[in-house]
Amino acid sequence: MAALRASTVLLTGSNRGIGLELVKQLLGGPRPPAWIFATCRDPEGPQAQELRDLASRHPNLVLVKLDVANPSAIADAAKIVEGKLNGAGLNLLINNAGIYAQVSLETVDSDEMIRTYKTNAVGPLLMAQAALNMLTKCQALTYGEAGILCVALHPGWVKTDMGTQEADLTVDMSVRGLLSVLPVLSEKHSGNLLNWEGKVIPW
Ligand SMILES: NC(=O)c1ccc[n+]([C@@H]2O[C@H](COP(=O)([O-])OP(=O)(O)OC[C@H]3O[C@@H](n4cnc5c(N)ncnc54)[C@H](OP(=O)(O)O)[C@@H]3O)[C@@H](O)[C@H]2O)c1
C-alpha cells in the first residue's frame, strides 16, 4: 500500500469521530507529516481532551481554533498556520467537519437549512480559498495551472456520533481506507467522488 507523502496537512473538525482518527493514523503512519494542523471549534474544551493529549506527545501536531461556519475564524486560523509554516505551504487540506441534521422535509426549518449549508458547503469552499494562498510549488507542478487536486471522499457509514453505533464500519477501518486512497489519487480523479475503498461513485 502506498504511503501518504504530504508533509503539511490541515484538517477541520479533528476533535472527534473521523477527524480525530485521521489525526491519530497520520501521526502513527510510516511517514508522519512534518506538520499536522488539527483544527476544531473548541481546542480548550472537554471534547478536545484526546486531541490535546496527542499534541502533548507529538510536537508536529498543532491545535488551531476554527469554526468552518465563521469566515473571520477561517481568516484567523489561516494567519496562524501561515506564521507557523513560514512560507513552506500546505500540501493537503482535509475538509472533514460536517453536520447532519436528523430532520425530515416536514420538520426542517430555514435556520437549520442555513446552518447545514454554511457548515457543509460554504465552509469547505472558504477553507479551499484560504488554503490557495498556502499551496506548495510541488503541488502546482504536479497538477498543472490550477495547482490543486480536489476530490470528495465518502467515508462509508461509520460508527461515530454522526453515523451512530448501528453503522457498518469502525472509524479505524474507514480512516485506514481513506488514507490508502489519498496516495493513489492523480489528476484523472480531480472532481470525482470516491468511497473509502477508492471506488468512484457517480455524482
Ligand atoms: N459517520 C458517517 O457515517 C458519515 C457518512 C458520510 C459522511 N460523513 C462525513 O464525514 C465527516 C466526519 O463525520 P463524523 O462521522 O466524524 O461526524 P461527527 O462524529 O459528528 O464529528 C463531526 C465533526 O465536525 C465538527 N464540526 C461540526 N460543525 C463544525 C464547524 N462549524 N466548524 C468546525 N468543526 C465542526 C465537529 O466538531 P464539534 O465537536 O465542535 O461539534 C466534529 O469534530 C463529516 O463531514 C460527515 O458529513 C460521515
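In what follows, residues are counted from 1 in the order of the sequence shown. Atoms within a ligand are numbered from 1 in the order they appear, just like the ligands themselves.
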| field | Pro32 versus Asn60, closest heavy-atom pair with distance | value | CB-ND2, 4.2 Å

| said: Gly13 versus ligand 1: do any nitrogen or oxygen atoms come within less than 3.5 Å of each other? | reply: yes

| query | Which is closest to atom 22 (C) of ligand 1 in terms of heavy atoms, Gly17, Gly98, Pro124? | reply | Gly98

| ligand 1 atoms in contact with Leu66 (distance to a heavy atom under 4.0 Å) | 32 (N), 33 (C)

| query | So, Asp172 versus Gln25: side-chain donor-acceptor pair below 3.5 Å or not? | reply | yes

| message | Can you confirm whether more than 12 heavy atoms, excluding those of Glu112, are under 6.0 Å from its CD atom? | response | yes

| query | In Å, rounded to the nearest 0.5 Å, how long is the span from OG of Ser14 to CD1 of Ile94? | reply | 10.0 Å

| Does a side chain donor of either Thr164 or Glu166 reach within less than 3.5 Å of an acceptor in the other side chain? | no

| field | Which residue and heavy atom of the protein sit nearest atom 16 (O) of ligand 1, plus the separation | value | Ile18 N, 2.8 Å

| message | Between ligand 1 and Val158, is the shortest N or O to N or O distance under 3.5 Å? | response | yes

| task | State the atoms of ligand 1, each with its element, that fall below the 4.0 Å cut-off from a heavy-atom position in His154. | result | 6 (C)

| request: Please lay out, stage by stage, how Thr116 and Tyr100 fare under the test side-chain contact (heavy atoms from CB on, under 4.5 Å). | output: CA-CA 7 Å; Thr116 303; Tyr100 173 62; over 6 Å; no

| said: Under 4.0 Å from a heavy atom of Trp157: which atoms of ligand 1 are those, numbered in the order shown and with their elements? | reply: 3 (O)

| task | Could you find the nearest protein heavy atom to atom 14 (P) of ligand 1 and give me its residue, atom name and distance? | result | Thr160 OG1, 3.6 Å

| Sub-4.0 Å atoms of ligand 1 with respect to non-hydrogen atoms of Gly156 | 2 (C), 3 (O), 4 (C), 5 (C), 6 (C)

Ignoring hydrogens and angles, write down the donor-acceptor pairs under 3.5 Å from the side chains of residues 195-203, residues two or more places apart or on other chains.
unit_1, atom_1, unit_2, atom_2, d
Asn195, OD1, Glu197, N, 2.8
Asn195, OD1, Gly198, N, 3.1
Asn195, OD1, Lys199, N, 2.9
Trp203, NE1, Gly191, O, 2.9

| said: Only heavy atoms of Asp161, strictly under 4.0 Å: list the atoms of ligand 1 that pass. | reply: 19 (O)

| So, Thr12 and Asn96: side-chain donor and acceptor under 3.5 Å apart, yes or no? | no

| query | Considering only protein heavy atoms, which is closest to atom 36 (C) of ligand 1, and at what distance to one decimal place? | reply | Arg16 NH2, 3.7 Å

| task | Number the atoms of ligand 1 from 1 as they appear, then name those within less than 4.0 Å of a heavy atom of Asn15, with their elements. | result | 37 (O), 38 (P), 39 (O), 42 (C), 43 (O)

| remark: Nearest non-hydrogen protein atom to atom 17 (O) of ligand 1, with distance, is Met162 CB, 3.4 Å

| note | Nearest heavy-atom contact between Ile74 and Ala130 is CG2-CB, 3.9 Å

| request: Using a 4.0 Å heavy-atom threshold (strictly under), name the region of Cys40 that reaches ligand 1: side chain, backbone, both or neither. | output: neither

| remark: Any heavy atom of Gln47 under 4.0 Å from ligand 1? The part involved is neither

| said: Can you name the atoms of ligand 1, numbered from 1 with element, that are less than 4.0 Å from a heavy atom of Ile99? | reply: 27 (C), 28 (N)

| said: How long is the straight-line distance from CG of Leu92 back to CZ of Arg5, given to the nearest 0.5 Å? | reply: 14.5 Å

| message | Nearest 0.5 angstrom please: Leu149 CG to Lys188 NZ, how far? | response | 11.5 Å

| note | closest protein heavy atom to atom 9 (C) of ligand 1 is Pro155 CG, 4.1 Å

| said: Under a 4.0 Å threshold between the charged nitrogen and the carboxylate oxygen, would Lys65 count as salt-bridged to Glu44? | reply: no

| task | Do me a favour and list the nearest non-hydrogen protein atom to atom 27 (C) of ligand 1 with residue, atom name and distance? | result | Arg41 NH2, 3.4 Å

| How does Asn96 reach ligand 1, if at all, at less than 4.0 Å between non-hydrogen atoms: by side chain, backbone, both, or neither? | both

| message | Would Val68 count as a polar contact of ligand 1, with the cut-off being nitrogen or oxygen pairs under 3.5 Å? | response | yes

| task | Return the residue, atom name and 0.1 Å-rounded distance of the protein heavy atom closest to atom 31 (N) of ligand 1. | result | Asp67 OD1, 2.8 Å

| said: For the CG atom of Leu90 and the CH2 atom of Trp35, what is their distance to the nearest 0.5 Å? | reply: 12.5 Å

Exercise answer: donor-acceptor pairs, residues 118-127 side-chain atoms, under 3.5 Å, sequence neighbours excluded:
unit_1, atom_1, unit_2, atom_2, d
Thr119, OG1, Arg115, O, 2.8
Asn120, OD1, Ile99, N, 3.0
Asn120, ND2, Ile99, O, 2.8

| message | Below a 4.0 angstrom heavy-atom separation, can you tell me which part of Thr119, side chain or backbone, both or neither, approaches ligand 1? | response | side chain

| query | With respect to atom 26 (N) of ligand 1, which of Gly163, Ala97, Ser14 exhibits the smallest heavy-atom separation? | reply | Ala97

